[in-house]
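Read through the structure below, which is laid out as structure tokens, and then see the notes.
Because the structure is predicted, anything quoted here is derived from the model rather than measured. Proteins get letters first, then strands, A, B, ... in listed order; numbering begins at 1 in each.
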Amino acid sequence: MLKRTHMCGELRSDQSGQTATLAGWVNTYRDQGKGLIFIDLRDRDGMTQIVFDLEDVDEQVVTQARALRREDVIAVKGLVRKREGKANQRLATGEIEIMGTALEVLNKTETPPILPDEHDAEKIAEEKRLQYRYIDLRRPRMQGILRTRYNVTRIARDYFDDNGFLEIETPCLIKTTPEGARDFIVPSRSYPGQWYALPQSPQIFKQILMAAGCDRYLQIVRCFRDEDPRADRQAEFTQIDLEMSFVERDDVISVMAGFAQTLFKQVLNIEIGDIPIMPYKEAMDRFGIDRPDTRFGLELQDISDLAAKTDFRVFSDALAKENGVVKAIRVPGGAEKMSRKVTDGYSEFVKTFGAGGVPTVKYTENGYETGIAKFVGPIADKLKERLALEVGDLVFFSADTNVVATRALGELRNKLARDLELIDKDAWNFLWVVDFPMFEFDPARDRWIALHHPFTGPMPGEEDKLESDPGSCISAAYDLVCNGSEIAGGSIRIHQPQMQQKVFNLLGIDDEEAEQKFGFLLRALRYGAPPMGGIAFGLDRLVMLLVGTNNIRDVIAFPKTQTGQDLMSEAPGPVDPQQLEELNISVNPPEEPV
RNA sequence: GGGGCGGUAGCUCAAUUGGUCAGAGUCCUGGACUGUCGAUCCAGUGGUUGCGGGUUCGAGUCCCGUCCGCCUCGCCA
């Protein structure tokens, strides 16, 4: 085999006159007839033009060169030289070419079903790209994403190593835990009828590592949650998981901010600077969401007090509800930009989040117009003042319970920003969201549920509220948000068994069940667990941000579809009946013979 | 589980009210061309219109079911 001496993106005019051997895939071929054949040869590093002068090479090379087709795998030896024709500005190697003298066809390809061509990559059905993933991944764009992903993990390991973290593996076959997402489960052969679960996160194990005296832990770890995927969510995903001993909230925040700063500096050469901290309540009040995108305005305003003075049924009905509110978003210059049809579209949009719609008014030189203008009369001046309205503005209202109205308007705010192109593409707005409530009351289950997870501790000074008023108890949780995307979330943990037991009880887990489900954690806490806290970064979403895609499948080498299939390997698939028998499993209903 | 969009040649798409609508580009095959670079030019191969029913003289087109992909609500401590 011809041994390569360089990569395809490597050669420059400095190397003119040298002999070089390259190996890779035929990206394109341009057959000029009896005289010349051009090949663009591609590997993961780049592309180099090969030229064969057919009158100047062996007959065998001529024959093989003429037969080359896209995606054939070849090695070529030849002379590096400056191009006779014009340089190709679009190639890093565009100044030079290789005058091919020896050619070895390493693998002649069948006609490829798709081509790794950036020109029409966006057009190829994703189904085909997933099915022939190994071809799609040859694209420079995909190679770049894989490299960025690797860089993120490399930088993480370096940074956290510098800060005293140890990478420690935790098991994939663990015990199922209540709460949280649906578990993937794995049968135990040795214990018929017993099951392992795949970890939704290594949460408990990393806490136990702190109890084990490991002090600072890092793991780049796969997590599994058997829930329906989304554009930014897969059942199988990766966390950069971290935990620290003897720390308080701000210690964790400080170390993790340092990582974010280092990462964005090294990957994008961006200084993100100090990361502001925002309480959860402020995030919800101003942005209607716990991961605000602060790259644009359109902030929410509570106008419940004004709305109470109108005769508008939608407002009064909402305010009559428990925790009923009326909130508004002012869209500067929206009066002209948005037709009735457009605003009706936004009404449909918010209905998907359970809101009844978004009443609107336009504020013009003639005062309030269209929509619910006639109801706004009694509060005309105060509304103008409250929202700082200017002529040409449009106002969206949302009236419902606080939860519903706020959610609807928060989602609408993000959509408006996209539709109106208010987002500065070059901005990287980080913020910490803190002071989350410990619990949320779930009427359906008639009990409290943990907003973060059951191991999250209360903020110092909040402990008494666990008994007196759980709903108002503030937790020591924190989320790192970038451009409206939650890229990390964590908390200071409960490290005392009594406190953990108390929280379990609040969550409807009595002592007996706690002992049965979480006994190993409680015992670890009893036998000396240090104060601890940590965080987990969502690696997939982090890479999505860094490479600018909103498709999580782009940042995973072998992703699954929305129905959990791998179209390339065709998983999941049937197993041999004997395998089931060994595991003492019978499937109900039985598999239909195909 | 619900809602929306889509599935026609290897790939990307077109086909008016149901009526020569089985079509284009590209890939591929063959040919021409000595400086191309998304090469160009000429010719050609290529189809279970996702699958199964139904309506009709006639279905890519209409109806029912089903499978697959994407987006989304629920779900995701």
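- Residue-level contact check: A:Lys86 touches the bases, meaning some heavy atom is under 4.0 Å from a base atom.
- A:Ser201 comes within 4.0 angstrom of a nucleotide base, judged by non-hydrogen atoms across all strands.
- Using a cut-off of 4.0 Å between Lys/Arg side-chain N and Asp/Glu carboxylate O, A:Asp40 and A:Arg30 are scored as salt-bridged.
- Sequence order on RNA chain B of the closest nucleotides to A:His119 and A:Tyr29 puts A:Tyr29 first from the 5' end.
- Here the P atom of nucleotide B:rC76 and the CD atom of A:Glu227 are 6 Å apart, to the nearest Å.
- Within the nucleic acid shown, A:Thr456 has no heavy atom closer than 4.0 Å to any nucleic acid atom.
- Phosphate contact (OP1/OP2 of B:rG69, side-chain N/O of A:Thr561, threshold under 4.0 Å): present.
- Side chain of A:Gln234 to main chain of A:Pro229: no donor-acceptor pair is present (N/O by atom type, distance under 3.5 Å, no hydrogens or angles).
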- Query: Given A:Arg493 and A:Lys206, is the side-chain contact (heavy atoms from CB on, under 4.5 Å) satisfied, shown in steps?
  - Reply: CA-CA 11 Å; A:Arg493 325 301 182 186; A:Lys206 71 174 171 178; 3.3 Å; yes

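- Across all strands shown, A:Glu126 has heavy atoms under 4.0 Å from sugar-phosphate atoms exclusively, and none from any base.
- Residue A:Arg129 places none of its side-chain N or O atoms closer than 4.0 Å to OP1 or OP2 of B:rG69.
- Here the shortest heavy-atom pairing between A:Gly9 and A:Thr48 reads N-OG1, 4.4 Å.
- Counting to the nearest Å, the C1' atom of B:rG69 and the CZ atom of A:Arg553 are 9 Å from each other.
- For the P atom pair drawn from B:rC27 and B:rC42, the interatomic distance equals 14 Å after rounding to whole Å.
- Heavy-atom contacts from other residues, nucleotides or ligands closer than 6.0 Å to OH of A:Tyr196 number 12 or fewer.
- In this structure, the NZ atom of A:Lys123 is 19 Å from the C1' atom of B:rG69, given to the nearest Å.
- Of the residues listed (A:Arg129, A:Arg541, A:Arg133), the one engaging A:Asp554 in a salt bridge (Lys or Arg N to Asp or Glu O under 4.0 Å) is A:Arg129, and it is the only one.
- Here A:Pro454 lies in heavy-atom contact (under 4.0 Å) with a base.
- As rounded to whole Å, 14 Å separates atom C1' of B:rC70 from atom CG of A:Asp232.
- OP1 or OP2 of B:rA39 has at least one side-chain nitrogen or oxygen of A:Arg30 nearer than 4.0 Å.
- Nearer to the 5' terminus of RNA chain B, by closest-nucleotide assignment, is the contact made by A:Val51 (compared with the other of A:Val51 and A:Ile449).
- Taking only side-chain nitrogens and oxygens, A:Arg225 comes nearer than 4.0 Å to OP1 or OP2 of B:rA77.
- A sub-4.0 Å separation between OP1 or OP2 of B:rC70 and a side-chain N or O of A:Arg230 is absent.
- Side-chain nitrogen and oxygen atoms of A:Thr563 include at least one within less than 4.0 Å of the OP1 or OP2 phosphate oxygen of B:rG69.
- Within the 4.0 angstrom heavy-atom criterion, base atoms lie near A:Arg81.
- Regarding contacts with the backbone of B:rC11, a side-chain N or O of A:Lys128 is found under 4.0 angstrom from either OP1 or OP2.
- If you take CD1 of A:Ile135 and P of B:rG10, they are 15 Å apart, rounded to a whole angstrom.
- Residue-level contact check: A:Asp117 touches neither bases nor backbone, having no heavy atom under 4.0 Å from any strand.
- Within 4.0 Å (heavy atoms only), A:Arg90 reaches sugar-phosphate atoms of the nucleic acid but no base atom.
- Residue-level contact check: A:Ile124 touches the backbone only, with heavy atoms under 4.0 Å from sugar-phosphate atoms and none from bases.
- The pair A:Glu348-A:Lys415 does not meet the salt-bridge criterion, since no charged nitrogen lies less than 4.0 angstrom from a carboxylate oxygen.
- The base of B:rC75 sits with one of its N or O atoms less than 3.5 Å from a complementary donor or acceptor on the side chain of A:Arg233.
- Residue-level contact check: A:Phe353 touches the backbone only, with heavy atoms under 4.0 Å from sugar-phosphate atoms and none from bases.
- Going from the P atom of B:rG7 to that of B:rA14 covers 7 Å, rounded to whole Å.
- For B:rC37, its base sits under 3.5 Å from the side chain of A:Asn88 at one donor and acceptor pair at least.
- As judged by a 4.0 angstrom heavy-atom cut-off over every strand, A:Glu118 is placed among residues making no nucleic acid contact.
- Using C1' as the reference atom, B:rU8 and B:rG25 are 15 Å apart when rounded to the nearest Å.
- A:Gln200 comes within 4.0 angstrom of nothing in the nucleic acid, heavy atoms only.
- Evaluated for a salt bridge (Lys or Arg N to Asp or Glu O under 4.0 Å) with A:Asp117, the options A:Arg70, A:Arg138, A:Arg139, A:Arg141 yield exactly one hit, A:Arg70.
- Nucleic acid contact class of A:Arg69 (heavy atoms, under 4.0 Å, all strands): sugar-phosphate only.
- Nucleotide B:rU29: paired with B:rA43 (Watson-Crick or G-U wobble, both distances less than 3.5 Å).
- In this entry the distance linking CD of A:Gln562 with C1' of B:rC75 reads 13 Å, nearest Å.
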